[in-house]
**Q** 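A single structure is presented below for examination.
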There are 2 protein chains.
Amino acid sequence: MNKNITSQTLSRLPLYFNYLISLPESRKSGHISATAIAEALGLNDVQVRKDLASVSNGGRPKVGYPTKELIGDIGKFLGFANHDGVIVVGMGNFGRAMLENRSFADYGFEVVGGFDCDEKLVGTEINGKPVRNVSELGSFCRERNIQIGIITVPEAAAQEVCDIMTGAGIKYILNFAPVHLSTPAGVAVHNENISLTLAMLARKNDIGDIK
Amino acid sequence: MNKNITSQTLSRLPLYFNYLISLPESRKSGHISATAIAEALGLNDVQVRKDLASVSNGGRPKVGYPTKELIGDIGKFLGFANHDGVIVVGMGNFGRAMLENRSFADYGFEVVGGFDCDEKLVGTEINGKPVRNVSELGSFCRERNIQIGIITVPEAAAQEVCDIMTGAGIKYILNFAPVHLSTPAGVAVHNENISLTLAMLARKNDIGDIK
DNA sequence: ACAATATCGATACTGGAATATCGATATTCC
DNA sequence: GGAATATCGATATTCCAGTATCGATATTGT
């Protein structure tokens with residue numbers, strides 16, 4: 001168990017977690033080897049072992065890691081037992097998809113509500129979650145100490161929404177608008193530009209010689 | 001202008017492109033330095049220079065790169081003048097958002113249609129784009145030589161849809177279902193797990209030291 | 001009990017990407 | 001025109017993730 005971890009390792013942990021919980025109950029009761037996990041996921045066994053070393057108390061030679069304990073360790077490490085509240089601003093299709101996304105719960109997040117400035121939407125519910133007016137965002141987040149926000153508004157409104165969020169004490173912002181947001185220090189932004197992602201994926205092999 | 005390019009460089013090019021086109025018109029008419037770009041995007045200036053060297057004819061010392069030319073070069077290189085057809089399978093909110101996303105066009109993509117297996121949706125139009133039955137996917141894609149597909153179906157159906165896509169000759173898959181897809185060689189998959197992204201964003205500081 | 005085997009963990013190696021350094025060149029200012 | 005400065009491009013260096021190797025250890029089978 002070594003708390004020094006790279007983001008690459010961090011990004012593979014959910015993969016292991018996913019794989020382990022998908023195992024039939026019979027296999028969960030025993031042990032599992034890094035070799036077996038690597039095989040199943042098409043990875044290198046040493047890599048898996050190194051990754052696991054950073055979250056677990058170690059496995060035993062010839063036996064492997066106790067499966068249930070390992071699941072617990074990874075889950076705990078990733079904070080999947082948390083219940084962090086998340087708000088979503090912009091109730092277009094994207095925003096609605098966020099409110100309906102069930103997989104957040106698996107990772108310890110709970111979307112507690114949506115915000116929009118369209119009066120026709122304010123007051124409605126989506127997937128049982130209320131839609132509030134953006135003007136209430138500040139008080140809502142401060143009251144509940146919400147620290148995570150998702151921006152799914154059109155490009156033009158993104159920076160304004162971002163400012164409102166940071167003003168409300170939001171510390172982590174996931175931004176789906178295709179613009180670069182500027183934020184005060186201490187606020188982490190992740191820009192998720194779908195078109196960009198697609199471009200990176202689909203253009204890789206097109207062009208000349210790529211390593 | 002050197003056509004040997006790494007995928008890392010390639011993945012940064014759209015970033016530069018994005019930044020450059022977002023500049024006010026006044027600054028676009030002049031020149032821009034690698035240093036300035038690096039500063040704005042939080043990257044190393046040498047890295048930016050090296051990246052740009054692979055697509056542009058070079059800048060001038062003390063002056064930088066002619067901005068408009070650079071935009072053109074990157075855009076041309078990335079194929080943003082293309083019109084690559086894209087299909088979307090799964091007409092939930094997510095899928096609908098994809099059909100309505102205007103920013104694809106900026107990057108040379110055109111969503112040509114959606115697919116679903118819900119008969120209530122098949123035959124309708126979303127944002128002027130027809131929704132077809134998944135059973136027609138194969139013939140549709142082969143006829144039009146579609147190579148790019150986006151998966152926005154629930155977890156359980158993702159692998160099946162993936163198989164149908166690869167069977168239809170799709171070469172690039174953007175997958176929003178939170179599962180690892182297995183594909184034949186020659187098919188590129190990008191898994192976009194929103195929950196995971198959020199976890200990495202919001203948990204980074206929680207957990208010990210992350211590099 | 002002892003040999004064979006599977007697996008672990010630590011260390012060493014490798015290759016590629018990021019970064020630092022440096023000389024060359026264009027521009028600006030005096 | 002010449003000094004100062006910003007920037008480029010090339011080369012050298014550093015760093016890091018991934019992989020291979022190897023000794024140690026636990027289990028199994030004879």
Side-chain angles (χ1 to χ4, degrees), chain A residues 1-16 19-20 23 27 29-67 69-70 73-74 200 204 207-211, chain B residues 1-16 19-20 23 27 29-67 69-70 73-74 200 204 207-211:
Chain A
M1 180 116 72
N2 160 21
K3 279 300 180 98
N4 259 46
I5 215 171
T6 68
S7 53
Q8 265 90 338
T9 293
L10 183 58
S11 72
R12 278 188 299 266
L13 287 176
L15 210 67
Y16 306 145
Y19 170 69
L20 293 172
L23 289 173
R27 294 194 52 195
S29 48
H31 291 69
I32 188 159
S33 73
T35 319
I37 298 177
E39 179 99 357
L41 297 175
L43 299 171
N44 180 289
D45 61 322
V46 180
Q47 186 178 56
V48 172
R49 216 169 281 128
K50 259 198 337 191
D51 287 344
L52 295 184
S54 38
V55 296
S56 93
N57 291 307
R60 301 215 306 283
K62 176 81 177 179
V63 176
Y65 304 80
T67 312
E69 220 175 291
L70 192 55
D73 285 344
I74 300 177
M200 281 163 49
K204 257 186 194 177
I207 313 166
D209 300 319
I210 298 193
K211 284 268 186 58
Chain B
M1 179 118 72
N2 158 22
K3 277 295 178 100
N4 258 47
I5 214 171
T6 68
S7 55
Q8 265 89 342
T9 292
L10 182 58
S11 72
R12 280 187 299 266
L13 286 175
L15 211 66
Y16 304 145
Y19 171 69
L20 293 172
L23 289 173
R27 293 194 53 196
S29 49
H31 292 68
I32 189 160
S33 73
T35 318
I37 298 177
E39 178 100 356
L41 298 174
L43 298 171
N44 180 289
D45 61 322
V46 180
Q47 187 177 58
V48 173
R49 217 168 281 127
K50 254 192 354 185
D51 288 344
L52 295 184
S54 37
V55 297
S56 94
N57 291 308
R60 300 214 308 282
K62 178 80 180 181
V63 176
Y65 304 79
T67 312
E69 220 175 290
L70 192 55
D73 285 343
I74 300 177
M200 285 172 59
K204 252 188 192 173
I207 314 169
D209 299 318
I210 298 195
K211 285 268 187 59

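The structure displayed is predicted, hence computed values, not measured ones. The chains referred to below are lettered A, B, ... by the order of the sequence lines, with proteins before strands, and numbering in each begins at 1. Heavy atoms only: backbone and side chains are in, while hydrogens, waters and symmetry mates are out.
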**Q** Roughly, in whole Å, what's the span from NE2 in A/His31 to P in C/dT7?
**A** 12 Å
**Q** Could you verify whether a donor N or O on one side chain and an acceptor N or O on the other, from A/Asp51 and A/Thr9, lie under 3.5 Å apart?
**A** yes
**Q** Between B/Glu39 (CD) and D/dT7 (P), how many Å, whole number?
**A** 11 Å
**Q** Starting the side chain at C-beta, find the nucleotide from D/dT25, D/dT7, D/dT21 nearest to A/Pro61.
**A** D/dT25
**Q** In this structure, how many angstroms lie between the C1' atom of C/dT7 and the CG atom of A/Asp45, rounded?
**A** 9 Å
**Q** Give the rounded distance in Å between these two atoms: CG of B/Leu43 and P of C/dA17.
**A** 16 Å
**Q** Can you tell if the side chain of A/Leu23 reaches within under 4.5 Å of the side chain of A/Ile32, non-hydrogen atoms only?
**A** yes
**Q** Distance check needed: D/dC8 P versus B/Asn44 CG, whole Å only.
**A** 12 Å
**Q** Report which part of the nucleic acid B/Val46 touches: base, sugar-phosphate, or nothing (heavy-atom distance under 4.0 Å, all strands).
**A** base
**Q** For A/Gln8 and C/dA17, give me the distance from atom CD to atom P, rounded to whole Å.
**A** 13 Å
**Q** Suppose we define a pair by two distances each less than 3.5 Å, Watson-Crick or G-U wobble; what does D/dC15 pair with here?
**A** C/dG16
**Q** Between P on C/dG16 and CD on B/Gln47, what's the gap in Å once rounded to a whole number?
**A** 17 Å
**Q** Whole Å only: how far is the NZ atom of B/Lys62 from the P atom of D/dG9?
**A** 16 Å
**Q** Side chain of A/Ala34, heavy atoms from C-beta onward: which of C/dC8, D/dA26, C/dT19 has the nearest atom to it?
**A** C/dC8
**Q** With a 4.0 Å cut-off on heavy atoms, is B/Arg49 in touch with a base, just the backbone sugar-phosphate, or nothing at all?
**A** base
